[in-house]
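Please read the structure below before turning to the comments.
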Amino acid sequence: GSSKPLSLEYLADRLDVDDPVWGFLIRDQAGRMQGFVTVTTFTNYQRTFRWDSQNAAAWEHDGHERQREMRDGVRVWDRDNQLARGLQNSVHGGDIWNEGIVWPRIAEISLLGALGCGKALVSLVIEELECMRATGKCNYDYVVLQATDNSIPFYESMGFLRVGAVMQDEATLHRQAQLRGSM
């Protein structure tokens, strides 16, 4: 499948909400931007979110081809759930209605655009994260990202592997609780 461009609203929201947020950009010799990447602390806004590579729901939106590639070992993924367990056991906390559930030991990379310079940008971020002095807001053990179908081979070539994440819809949970309460 092809990926669609990121909306200005998404970009503005990430820059406004994420804390800390930093990154890099690359320009060509004429000064035209060729790519940029942001890094922040991983945050989610669902109480039921969890890392789980062995839950079938984590892969239910994959097409048959992607599922076959994972089954046949073409795609690199967290088959033994070890990475998902490490991520899930990482310190996290917060309020979904305010700052979100913050995972202070997990950095999230967003490669927001790269015209042939993606590998350089991601490598630069990883190098910077490895050299970063631990502070109250920056002390990362893991790096995560969201990959489009087209970018999975790129990230695999850089050593990343797919990890499952699942959550239940909050509205569905609310309806289920109401039904249980009315019985």
Side-chain angles (χ1 to χ4, degrees), residues 3 6 10-11 13-15 17-25 35-62 66 69-70 73-96 98-114 117-168:
S3 60
L6 297 170
Y10 171 82
L11 296 173
D13 187 53
R14 292 301 304 254
L15 294 174
V17 173
D18 292 345
D19 181 33
V21 64
W22 56 274
F24 298 103
L25 66 91
F36 64 106
V37 62
T38 63
V39 182
T40 190
T41 300
F42 179 76
T43 304
N44 73 283
Y45 294 88
Q46 293 284 334
R47 277 186 302 238
T48 62
F49 176 91
R50 74 182 187 284
W51 302 99
D52 186 350
S53 297
Q54 293 182 332
N55 189 315
W59 318 112
E60 70 184 11
H61 296 291
D62 285 350
R66 177 83 58 234
E69 289 174 342
M70 288 175 65
V74 175
R75 298 272 72 94
V76 182
W77 66 289
D78 183 33
R79 188 179 300 268
D80 64 4
N81 210 40
Q82 184 176 345
L83 183 53
R85 277 194 303 275
L87 289 162
Q88 187 60 40
N89 290 330
S90 182
V91 171
H92 58 282
D95 177 0
I96 62 168
N98 291 303
E99 74 277 7
I101 307 298
V102 179
W103 302 68
R105 306 292 295 216
I106 303 174
E108 181 179 7
I109 295 176
S110 295
L111 184 58
L112 301 171
C117 59
K119 196 163 275 212
L121 284 166
V122 173
S123 295
L124 184 59
V125 163
I126 291 170
E127 182 179 322
E128 186 74 17
L129 287 168
E130 288 174 341
C131 295
M132 191 177 281
R133 186 178 63 80
T135 68
K137 287 194 173 201
C138 298
N139 190 15
Y140 302 117
D141 295 323
Y142 299 96
V143 177
V144 299
L145 52 88
Q146 292 184 38
T148 62
D149 285 347
N150 291 339
S151 67
I152 291 171
F154 166 77
Y155 289 114
E156 286 176 344
S157 77
M158 297 203 67
F160 287 89
L161 62 129
R162 269 184 109 193
V163 176
V166 294
M167 68 182 143
Q168 278 189 285

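Residues take their numbers from the sequence shown, with the count starting at 1.
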So, using side chain to side chain donor-acceptor pair (under 3.5 Å) as the criterion, who are the partners of [X] when residues are at least two apart?
X	answer
Trp103	Asn44
Asn55	none
Glu128	none
Asp78	Ser53

Next on the checklist: Taking salt bridge (charged side-chain N to carboxylate O under 4.0 Å, His left out) as the definition, give me every residue that meets it alongside Arg66, ordered by chain and number, with sequence neighbours left out.
Outcome noted: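 Partners of Arg66 by the salt bridge (charged side-chain N to carboxylate O under 4.0 Å, His left out) criterion, ordered by chain and then number, come out as Glu69, Asp149.
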
Next on the checklist: I'd like to check the salt bridge (charged side-chain N to carboxylate O under 4.0 Å, His left out) partners of Asp141; sequence neighbours left out, ordered by chain and number.
Outcome noted: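 With neighbours one apart ignored, the set is Arg105.
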
Checklist entry - Looking at residues at least two apart in the chain, or sitting in another chain, which of them share a ring-ring contact (aromatic ring centres under 6.0 Å, His included) with Phe24? => result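 In terms of ring-ring contact (aromatic ring centres under 6.0 Å, His included), with neighbours along the sequence ignored, Phe24 is linked to Trp22.
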
Next on the checklist: Restricting to ring-ring contact (aromatic ring centres under 6.0 Å, His included), what partner residues turn up for Tyr142, sequence neighbours left out?
Outcome noted: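 In terms of ring-ring contact (aromatic ring centres under 6.0 Å, His included), with neighbours along the sequence ignored, Tyr142 is linked to no residue.
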
Enter the distance from [X]:[atom1] to [Y]:[atom2] here, rounded to the nearest 0.5 Å.
X	Y	atom1	atom2	value
Leu129	Leu124	CG	CG	9.5 Å
Met158	Lys119	CE	NZ	5.5 Å
Leu121	Thr38	CG	OG1	11.0 Å
Phe49	Gln88	CZ	CD	7.5 Å

Next on the checklist: Test your reading of the model: is there a side-chain donor-acceptor pair from Ser123 to the backbone of Ala120, 3.5 Å cut-off?
Outcome noted: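 Answer holds: no.
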
Item to check | Under 3.5 Å: donor-acceptor pair, side chain of Arg47, backbone of Ile101 | outcome: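 No, Arg47 side chain to Ile101 backbone: no donor-acceptor pair under 3.5 Å.
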
Checklist entry - Do NZ/NE/NH1/NH2 and the carboxylate oxygens of Asp62 and Arg162 come within less than 4.0 Å? => result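 Looking at Arg162 together with Asp62, the answer is yes, because their closest N to O distance falls below 4.0 Å.
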
Item to check | Residues that Val144 engages under side-chain contact (heavy atoms from CB on, under 4.5 Å), provided they are two or more places apart | outcome: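 Only Phe42, Trp51, Leu87, Ile106, Glu108 meet the side-chain contact (heavy atoms from CB on, under 4.5 Å) criterion with Val144.
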
Next on the checklist: If the condition is side-chain contact (heavy atoms from CB on, under 4.5 Å), which residues does Gln54 pass it with, not counting sequence neighbours?
Outcome noted: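 Partners of Gln54 under the side-chain contact (heavy atoms from CB on, under 4.5 Å) test: Asp52, Asn81.
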
Item to check | Close side-chain approach of Ile126 and Phe160, heavy atoms under 4.5 Å | outcome: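 Yes. Closest side-chain heavy atoms under 4.5 Å.
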
Might you point out which heavy atoms bring [X] and [Y] nearest each other, and give the distance in Å?
X	Y	value
Trp77	Leu161	C-CD1, 3.4 Å
Val76	Glu156	N-OE2, 3.0 Å
Ala147	Tyr155	CB-CD1, 3.7 Å

